[in-house]
K.L.:
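What follows is a structure written as structure tokens; I'll ask about it next.
Just so it is clear, the model here is predicted, and its values are computed rather than measured. In what follows, chains carry the letters A, B, and so on, assigned in the order in which the sequence lines appear, proteins first and then strands, with residues in each chain numbered from 1.
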Amino acid sequence: GALVYQYPRRTICKSGTSMRMECQAVGFQATSVAWYRQSPQKTFELIALSTVNSAIKYEQNFTQEKFPISHPNLSFSSMTVLNAYLEDRGLYLCGAREAGNNQAPLFGEGTRLSVL
Amino acid sequence: GDSVTQTEGPVTVSESESLIINCTYSATSIAYPNLFWYVRYPGEGLQLLLKVITAGQKGSSRGFEATYNKETTSFHLQKASVQESDSAVYYCALGESAGNYKYVFGAGTRLKVIA
């Protein structure tokens, strides 16, 4: 079946350092990948939407300079949290969907980021 | 802007009792929003529970059901008889159907079912 894997599941980084997280689609072609963040006591916020062969679209309050995303093929995407600080902690979710497919995106289990 | 408001948790229900988690939405930038309920079981990722794309329709899955009510802008989640295994966090969401699938999530409602 179709699945989305995220790696790592949990990670800790020192304040001011960077952290890269990965998203792997299995069993389908991830034409579009969306990255979300759930900060403590908050709901999921869309960071950016990446579509293969198109520019990555970032939501307000999120920038490429802070959250660079790579989506090199139809099965993989990565996002880096640059210069992480306490406000960046939370659960980062990857949701992927196939083009022309009106189904809801499949989500991974998330990468939980703690910042010391 | 677009927003989703749902029952504030945690909600505690005894096994075999009925459940309703309220969800109301505001879709100002999406002309024909799709409505979803997602569930997150402990230690797992976000899973789609049910989806309804047409106003007036009802979606159902695993004994849960929700009706897309455009007049009251609501999409309440109901189950007639809950089980301990239903303990999880439930998220109501609205989104676009095609192209940019920007989703707006509610805050989530933590459900605890006790034996």
Side-chain angles (χ1 to χ4, degrees), chain A residues 1-10 21 23-26 30-52 54-62 90-112, chain B residues 1-10 21 23-27 29-30 32-54 57 59 61 66 68 75 88-110:
Chain A
L3 291 170
V4 172
Y5 289 107
Q6 286 188 249
Y7 179 82
R9 292 286 305 277
R10 291 177 178 272
M21 52 193 75
C23 176
Q24 182 88 35
V26 177
T31 311
S32 296
V33 174
W35 287 91
Y36 289 81
R37 178 175 73 187
Q38 184 184 35
S39 301
Q41 312 306 321
K42 289 188 178 180
T43 190
F44 295 99
E45 297 176 276
L46 178 64
I47 296 172
L49 175 66
S50 171
T51 303
V52 170
S54 294
I56 297 171
K57 185 179 177 185
Y58 285 82
E59 291 295 298
Q60 196 174 12
N61 300 326
F62 296 98
L91 180 71
Y92 288 81
L93 272 191
C94 160
R97 196 174 79 164
E98 196 165 21
N101 185 342
N102 196 25
Q103 299 301 309
L106 287 178
F107 288 94
E109 294 180 358
T111 293
R112 186 166 295 282
Chain B
D2 306 316
S3 66
V4 174
T5 303
Q6 59 182 101
T7 300
E8 197 171 319
I21 298 176
C23 171
T24 56
Y25 67 90
S26 171
S29 69
I30 303 172
Y32 302 99
N34 294 351
L35 299 177
F36 307 83
W37 277 100
Y38 282 86
V39 58
R40 189 154 182 264
Y41 298 102
E44 297 184 18
L46 208 57
Q47 299 176 25
L48 178 66
L49 179 61
L50 57 87
K51 158 189 167 181
V52 179
I53 62 173
T54 305
Q57 299 294 312
S61 172
Y68 185 160
F75 191 55
V89 182
Y90 293 81
Y91 295 91
C92 183
L94 67 87
E96 296 174 297
S97 59
N100 181 348
Y101 59 94
K102 177 178 178 177
Y103 276 54
V104 177
F105 286 89
T109 301
R110 182 175 298 278

K.L.:
Would you check if B:Tyr38 and B:Phe105 make a side-chain contact, meaning some heavy-atom pair closer than 4.5 Å?
P.N.:
yes
K.L.:
Can you tell which of B:Gly43, B:Gly108, B:Ala93 has the highest number of heavy-atom pairs within less than 4.5 Å of chain A?
P.N.:
B:Gly43
K.L.:
Return the CZ to CZ distance between A:Phe44 and A:Phe107, rounded to the nearest 0.5 Å.
P.N.:
8.0 Å
K.L.:
Check the pair A:Leu93 / A:Gln6 against side-chain contact (heavy atoms from CB on, under 4.5 Å), numbers first and verdict last.
P.N.:
CA-CA 8 Å; A:Leu93 272 191; A:Gln6 286 188 249; 3.8 Å; yes
K.L.:
A quick test of your reading: do over 12 heavy atoms of other residues, nucleotides or ligands sit less than 6.0 Å from CD of B:Glu44?
P.N.:
yes
K.L.:
Heavy-atom distances under 4.5 Å only: say whether A:Gln38 touches chain B with side chain, backbone, both or neither.
P.N.:
side chain
K.L.:
What pair of heavy atoms forms the shortest contact from B:Tyr90 to B:Gln6, and how long is it?
P.N.:
O-NE2, 2.8 Å
K.L.:
Is B:Leu48 in contact with chain A via its backbone, its side chain, both, or neither, using a 4.5 Å heavy-atom distance?
P.N.:
side chain
K.L.:
Which answer fits A:Arg10, side chain, backbone, both or neither, if we ask what part of it has an atom under 4.5 Å from a heavy atom of chain B?
P.N.:
neither
K.L.:
So which part of A:Leu91 gets closer than 4.5 Å to some heavy atom of chain B, the side chain, the backbone, both or neither?
P.N.:
side chain
